[in-house]
Each structure stands twice: as structure tokens, then as C-alpha cells.
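This report refers to the structure that appears directly beneath it.
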Amino acid sequence: MSKRAQELQIDIDNMTISHPVVPGKVLVIVIDGVQGKAKVAEAVEHGFTIVETAKGKTARIKFEESELF
């Protein structure tokens, strides 16, 4: 299984993240303050990019793609 979401580094001193805007792409940045993690993933071109939580934490990012007819 390939991983679409990539871990982002969190600046521990001021608890911030930094990520550039990528022309021509829609990116989803998920910040989970409970687990102290941040991830970035490219949204699907046609379909759904769903952030699923469980017990107040980020559990998974689901990608549901479709094709236009």
C-alpha cells in the first residue's frame, strides 16, 4: 500500500507548521493536536478526500476517486 499522505515537521518551539502553496494542486493539511502530528496529502481530482477520526484523534485519510464520463 503506497502512502499518499506525507508527514510534516512541526516547529516545536512555537508549535507551527510551514508548507508552500503548490500551483495547480489542491492539498489537504491535517493537523492533529492530540497526537502532535501533521500530514499533507493531495486531494483526488474527482471524488472525495475524507479525514476520519476516532476517539478525538485522526484515524485515517480516505481517498475515493471516480472518473468523469
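Just so it is clear, the structure is predicted and the values come from calculations on it, not from any experiment. FYI, the numbering just counts along the sequence from 1.
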(request) Given side chain to side chain contact (heavy atoms under 4.5 Å, CB included), test Ile61 with Thr49 step by step and report yes or no. (result) CA-CA 7 Å; Ile61 302 172; Thr49 303; 4.0 Å; yes
(request) Drop me the distance from Ile31's CD1 to Met15's CE, to the nearest 0.5 angstrom. (result) 10.0 Å
(message) Enumerate the salt bridge (Lys or Arg N to Asp or Glu O under 4.0 Å) contacts for residues 46-56, please, sequence neighbours excluded, ordered by first and then second residue.
(response) Glu52-Arg60, Glu52-Lys62
(request) Report yes or no: does Asp32 contribute a side-chain atom to a donor-acceptor pair with the main-chain N or O of Thr58 at less than 3.5 Å? (result) yes
(message) Do Leu8 and Ile10 sit in one hydrophobic cluster, given that two such residues count as connected whenever their side-chain heavy atoms are within less than 4.5 Å of each other, even indirectly?
(response) yes
(message) I want to check something: taking the side chain as every heavy atom from C-beta on, are Ile29 and Ile17 in contact at a cut-off of under 4.5 Å?
(response) yes
(message) Just to verify, what does Glu67 make a salt bridge (charged side-chain N to carboxylate O under 4.0 Å, His left out) with, not counting sequence neighbours?
(response) none
(message) Quick check: is Val44 connected to Val30 through a chain of hydrophobic side chains (ILVMFWY, heavy atoms under 4.5 Å apart)?
(response) yes
(message) As an exercise, state the distance from CD of Gln9 to OG1 of Thr16, rounded to the nearest 0.5 Å.
(response) 12.0 Å
(request) Take atom CD of Gln35 as the centre, draw a 6.0 Å sphere, and report whether it contains more than 12 heavy atoms from other residues, nucleotides or ligands. (result) yes
(request) Give the cluster check for Val28 versus Val22: same hydrophobic cluster or not, with ILVMFWY residues linked at side-chain heavy-atom distances below 4.5 Å. (result) no
(request) Keeping to residues at least two apart or across chains, list the salt bridge (Lys or Arg N to Asp or Glu O under 4.0 Å) pairs with something in residues 35-44. (result) Lys25-Glu42
